[in-house]
> 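Before anything else, here's the structure in question.
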Protein chains: 2
Amino acid sequence: MNSNKLFRVLVIDDELPIRRFLQTILENEFTVHLAEGGYSGLAAAATTKPDVILLDLGLPDLDGIEVIKRIREWSSVPIIILSVREREDDKVAALDAGADDYLSKPFGVNELQARIRASLRRTLHQTPEPLFSCGDLAVDLSSRRVTASGREISLTPTEYDILRLLVTHAGKVLTHSHILKEVWGVGYLEQPHVLRVNISNLRRKIESDPSRPKYIITEPGVGYRLKTDD
Amino acid sequence: MNSNKLFRVLVIDDELPIRRFLQTILENEFTVHLAEGGYSGLAAAATTKPDVILLDLGLPDLDGIEVIKRIREWSSVPIIILSVREREDDKVAALDAGADDYLSKPFGVNELQARIRASLRRTLHQTPEPLFSCGDLAVDLSSRRVTASGREISLTPTEYDILRLLVTHAGKVLTHSHILKEVWGVGYLEQPHVLRVNISNLRRKIESDPSRPKYIITEPGVGYRLKTDD
DNA sequence: CCCTATCTTGACACCATCTTTATGCACATA
DNA sequence: TATGTGCATAAAGATGGTGTCAAGATAGGG
């Protein structure tokens, strides 16, 4: 289900109507997780690894300030406070405890969404990029760069598409038909030859000895598999 | 001057009483710089290199949203909006333009200070210089200056936009459609030719041998990539 | 109003890539 | 041994992407 939504939002609020409301306005854009108490919220923050947390200060089991501090012990995920408390001291206390933003209820839906976007934007630029590596082969999907034995390899679009597919499913066997469908589309399901040619070209570029592949393993009669380190 | 204060705050506001007020409440904690207009604010942002900017949206000479966008062209310094505008649309517009926070006047002094602290806390360990250099090429995004082999290069607005996009994503491949969308807008997605012409012109200005580009690398079938030093 | 810089568009040569065709190899089976 | 199947590689033609020059079109400033 968490397929095309890029970011996860964790809502920690003890009032069911508010949880439902927030889920409704956010679920189109984000994957929403819900928690109804401080302790379950802390657990959810650890397990669901959200990209932003919306936290109500008035929880029955654990004070909101305490929730902020405990999360800040191990995570720098953006925390946006949603609270009925309007007093300036409350805001200052929450912000100084480690919160990133503070909205007083009631708040505008669009403003909340914009503040979530602003928080995500900030953390987006400081997250390390995903990198696949196995032996001498390294693939950086975020910058579309491939290196083998330290040398930069230039791949054609089709070759890169195949390699990207293999990297994102590293270690698993991808059937011929699966690769053909993903890279060429359903029209090429009966043309396994074009895949062999491209695998061959790909091996010539990234394998030190293309006739004895170290990285792209042939699974006879089934498909191909990318070797992983471990 | 007062070098014992760790952080610099730039205040951009056209009303003298507010500038004075902000200076009063902030100067104990921060080094405060003041600007009274949009253009002078932009200049001050480049010269004083503040750690946080307090910006009034209602400037007489340049719209506040525009100020945000121009700063975001080269800097990710936290921008906190201080405005009399209460409308949700104004907040959303400012936040989506790149602002980090939005306070409606009148605001509490302690809350402002806490929000400034929150902003500073987030950016404590990330201060990228708006300077790019690779080989003989140097780009200063804060002053919009480009030099190649020591000579200053004059670029057209479109050429600079492309180069800025490449610099802010240096090392990564930018697809044709991404560049077209950012520089020309979505209407030009089906006009890749205009991009090629501009890349060609750009290369003629910054590359020593435009037929063998050292800096702007073509990724055939995909897009372009700016070479990095490392 | 004209001049200049810039942007856009068209034409064309060139090159990379994709697909297809052809061939060889390994292995299993009759 | 003969034969078929699946896989790997090489090569060639077709296709489409890419770089460059140059000619209008447009806008902004003097």
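From a predicted model like this one, the values you see are computed outputs, not experimental measurements.
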> Contact between A/Leu155 and A/Lys205 at the side-chain level, heavy atoms closer than 4.5 Å - yes or no?
yes
> A side-chain contact here means heavy atoms from C-beta on lying under 4.5 Å apart; do B/Arg144 and B/Trp74 qualify?
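They are not in contact (no side-chain heavy atoms under 4.5 Å apart), so the answer is no.
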> Could you tell me whether A/Pro192 contacts a base, only the sugar-phosphate backbone, or nothing, with contacts defined as non-hydrogen atoms closer than 4.0 Å?
nothing
> Does any donor atom in the side chain of B/Arg204 or B/Ser211 lie under 3.5 Å from an acceptor atom in the other side chain?
no
> Respond yes when some side-chain nitrogen or oxygen of B/Thr218 is under 4.0 Å from OP1 or OP2 of D/dG19, and no when none is.
yes
> How many whole angstroms separate atom CD1 of A/Ile216 from atom P of D/dC7?
15 Å
> Which label fits B/Phe107 and B/Phe21: parallel for a plane angle under 30°, tilted from 30 to 60°, or perpendicular past 60°?
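Tilted.
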> How far does CZ of A/Arg117 sit from CZ of A/Arg121, to the nearest 0.5 angstrom?
8.5 Å
> Please give, in whole Å, the distance from D/dG17 C1' to B/Ile199 CD1?
15 Å
> Hey, what do you get for CG (A/Leu131) to OG (A/Ser142), rounding to the nearest 0.5 Å?
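Separation between the atoms: 7.5 Å.
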> Using whole Å, what does the distance between atom C1' of nucleotide D/dC7 and atom CG of A/Asn198 come to?
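So the CG-C1' distance, A/Asn198 to D/dC7, works out to 15 Å.
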> Under 4.0 Å from any heavy atom of chain A: name the first and the last nucleotide of DNA chain C that qualifies, 5' to 3'.
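Range of nucleotides touched by chain A: C/dT17 to C/dA22.
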> When the distance from CG of A/Asn201 to P of D/dA10 is rounded to whole Å, what number comes out?
9 Å
> Output yes when at least one side-chain N/O atom of B/Arg196 is less than 4.0 Å from OP1 or OP2 of D/dG19, else no.
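It does not, given that no N or O in the side chain of B/Arg196 lies less than 4.0 Å from OP1 or OP2 of D/dG19.
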> Over how many whole Å does the gap from A/Glu207 atom CD to D/dC7 atom P extend?
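In whole Å, D/dC7 P lies 17 Å from A/Glu207 CD.
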> Give the ring-plane orientation class for A/His176 versus A/Tyr224, where under 30° counts as parallel, over 60° as perpendicular and anything between as tilted.
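It falls in the perpendicular class, over 60°.
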> In this structure, how many angstroms lie between the P atom of D/dT18 and the CZ atom of B/Arg203, rounded?
10 Å
> Within the structure, does a side-chain N or O atom of B/Tyr224 lie under 4.0 Å from either OP1 or OP2 of D/dG19?
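Yes, B/Tyr224 has a side-chain N/O under 4.0 Å of OP1/OP2 on D/dG19.
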> So does A/Arg204 get a side-chain nitrogen or oxygen closer than 4.0 Å to the phosphate oxygens (OP1/OP2) of D/dA10?
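Yes, A/Arg204 has a side-chain N/O under 4.0 Å of OP1/OP2 on D/dA10.
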> With a 4.0 Å limit, can you tell me whether B/His176 has a side-chain N or O closer than that to the phosphate oxygens OP1/OP2 of D/dT18?
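For B/His176, the contact criterion (side-chain N or O under 4.0 Å from OP1 or OP2 of D/dT18) is met.
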> How close or far is atom P of D/dG17 from atom CG of B/Leu195, stated in whole angstroms?
14 Å
> By nearest heavy atom, map B/His193 and B/Glu159 onto DNA chain C; which one lands nearer the 5' end?
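With B/His193 and B/Glu159 compared, the 5'-side residue is B/Glu159.
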> I want to confirm an ordering. Mapping B/Ser154 and B/Pro220 to their closest nucleotides on DNA chain C, which one lands closer to the 5' end?
B/Ser154
